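Beneath this line is the structure, given in structure tokens, with notes to follow.
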Amino acid sequence: MPYKDHFVDTNKIKLHVIEYSFQENKPTLILLHGLTANAHAFDGLVSRGLADNFRIISPDLRGRGLSDKPAFNYGLKHHALDVLGMMDALGIDKAILGGHSFGGLLSTYIATHYPERVEKVIIIDAAAEMNPNVPTMLMPVLKRLKRTFDSFETYIEYIKTSPQISFWEDEMTTYYRADVQTLPDGRVTPYPNLTKMIKVSIGVANQPWRSIFSDVKQPALLINGADVYNLGEPILPDFKARESVNLMHRGTYLRVDGNHQTMLYGNGAKQMVKAITNFINEPEVNIK
């Protein structure tokens with residue numbers, strides 16, 4: 001599959017961008033990933049057919065360009081400016097925006113704050129950051145990890161063998177050294193990065209999402225997993241997803257196989273590719 005892997009100068013950083021398909025007559029779809037390990041799952045979606053129908057652009061928001069992974073230093077506004085700057089650099093006046101988890105909420109944020117730049121919105125299971133219990137969920141993890149470790153290897157071993165491991169701690173292992181601060185004496189601690197993660201998550205959770213969803217004027221597709229996500233914290237329950245999409249002026253709701261992670265692969269991904277393709281080509285068609 002042809003793709004272009006390059007850096008774009010935007011918002012005072014170099015943003016890593018991957019582009020799939022270069023036929024100018026195809027609609028442009030910008031996919032915004034979540035900030036956790038799911039960031040890579042859109043490659044699965046692309047390989048299952050989206051790039052055959054659209055020009056796909058996927059910026060790496062986690063890395064904020066050439067730096068390690070300071071994504072949790074930044075809130076929705078900064079990420080939105082990154083996306084808009086990327087669009088300007090690539091000569092894209094208006095595009096379809098979609099994303100998973102944080103990426104879905106960011107797409108919605110851009111659609112309401114910069115409506116002239118967004119044609120349609122696709123929101124994929126964008127729920128964890130909407131949960132007002134984010135502090136309650138994360139503080140026990142922070143307390144357990146508010147300590148130092150003799151080495152990076154000791155830290156990873158602790159995470160892998162901890163009887164109290166949660167989804168959030170498991171995510172930490174996927175970032176490896178980017179999540180560990182090395183102290184002058186050689187010891188390491190993940191504590192500063194978790195603090196930033198909590199701060200940004202709380203900031204996103206405290207956004208007035210009911211009001212933001214109500215301001216979405218573009219055709220919007222909200223996709224939710226049908227299965228319970230049982231790795232520690234709840235994602236978006238079905239009734240909340242329906243409530244969210246009903247607030248939108250032209251919202252459509254779809255449930256697919258899988259949960260917050262597994263829906264991005266296998267049958268859930270195939271269902272999403274079909275639904276997204278239909279939604280973009282015929283946005284007024286009811287896909288429920």
Side-chain angles (χ1 to χ4, degrees), residues 1-3 18-34 38 41-58 83 87 92-101 103-112 115 117-127 213 215-227 235-236 238-288:
M1 181 183 301
Y3 72 92
I18 297 179
E19 298 183 59
Y20 301 85
S21 182
F22 306 103
Q23 297 185 36
E24 295 183 0
N25 61 338
K26 293 184 178 182
T28 298
L29 171 58
I30 298 176
L31 289 177
L32 307 177
H33 56 65
N38 294 317
F42 278 119
D43 287 340
L45 285 179
V46 170
S47 66
R48 285 173 170 85
L50 283 178
D52 293 335
N53 300 295
F54 314 109
R55 177 192 179 194
I56 307 294
I57 297 176
S58 180
V83 174
M87 291 173 64
I92 300 172
D93 180 59
K94 200 170 187 177
I96 303 157
L97 256 60
H100 174 256
S101 192
L105 294 178
L106 178 58
S107 299
T108 308
Y109 180 90
I110 297 173
T112 55
R117 308 300 301 269
V118 181
E119 295 179 16
K120 308 176 187 72
V121 186
I122 301 164
I123 308 164
I124 302 175
D125 213 41
F213 286 160
D215 287 340
V216 177
K217 302 297 194 302
Q218 303 91 335
L221 171 64
L222 192 153
I223 300 176
N224 197 43
D227 300 335
I235 306 298
L236 191 61
D238 187 59
F239 77 91
K240 286 292 291 182
R242 294 181 183 277
E243 175 186 308
S244 298
V245 79
N246 285 336
L247 293 170
M248 301 174 186
H249 290 249
R250 302 161 71 182
T252 298
Y253 178 51
L254 173 73
R255 293 181 76 198
V256 301
D257 294 341
N259 59 38
H260 190 63
Q261 285 188 325
T262 61
M263 66 191 289
L264 293 168
Y265 306 94
N267 197 46
K270 294 176 182 177
Q271 292 170 330
M272 279 191 277
V273 166
K274 181 178 180 181
I276 291 171
T277 301
N278 290 340
F279 171 72
I280 293 176
N281 290 335
E282 301 180 73
E284 302 303 329
V285 173
N286 192 330
I287 311 173
K288 296 179 184 178

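Please read all numbers here as calculations on a predicted model, not as lab measurements.
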Measuring from atom [atom1] of [X] to atom [atom2] of [Y], what distance do you get when rounded to the nearest 0.5 angstrom?
X	Y	atom1	atom2	value
I122	I280	CD1	CD1	4.0 Å
L97	E119	CG	CD	10.0 Å
F213	I123	CZ	CD1	5.0 Å
I30	I92	CD1	CD1	5.0 Å
L106	H33	CG	NE2	10.0 Å
T112	K217	OG1	NZ	9.0 Å

Taking every non-hydrogen atom, the tightest pair across [X] and [Y]:
X	Y	value
F279	L221	CZ-N, 3.6 Å
R242	R255	NH2-CD, 4.1 Å
L222	S244	CD1-CB, 4.0 Å
G225	D125	N-OD1, 3.7 Å
L264	A269	O-CB, 3.5 Å
P27	N53	CD-O, 3.9 Å

Those residues at least two apart in sequence (or on a different chain) that pass salt bridge (charged side-chain N to carboxylate O under 4.0 Å, His left out) with E19 are R55

Sorted by chain and number, sequence neighbours left out, side chain to side chain donor-acceptor pair (under 3.5 Å) with T262 holds for N259

Given side-chain contact (heavy atoms from CB on, under 4.5 Å), test L50 with T277 step by step and report yes or no.
CA-CA 7 Å; L50 283 178; T277 301; 4.0 Å; yes

Trace of the side-chain contact (heavy atoms from CB on, under 4.5 Å) decision for I223 with I276: CA-CA 9 Å; I223 300 176; I276 291 171; 4.1 Å; yes

Query - L29 backbone acceptor or donor facing K120 side chain under 3.5 Å - result: no

Any donor-acceptor pair under 3.5 Å from R117 side chain to D93 backbone:
yes

- Message: Does atom NZ (K26) have a neighbourhood of more than 12 heavy atoms from anything else shown, all under 6.0 Å?
- Response: yes

The side chain to side chain contact (heavy atoms under 4.5 Å, CB included) partner of L32 among S107, S58, S101 is S107

Practice prompt. Determine, step by step, whether M263 and I124 satisfy the side-chain contact (heavy atoms from CB on, under 4.5 Å) criterion, reporting the C-alpha distance in whole Å, the side-chain angles of both residues, the deciding distance to 0.1 Å, and the verdict.
Written response: CA-CA 10 Å; M263 66 191 289; I124 302 175; 3.9 Å; yes

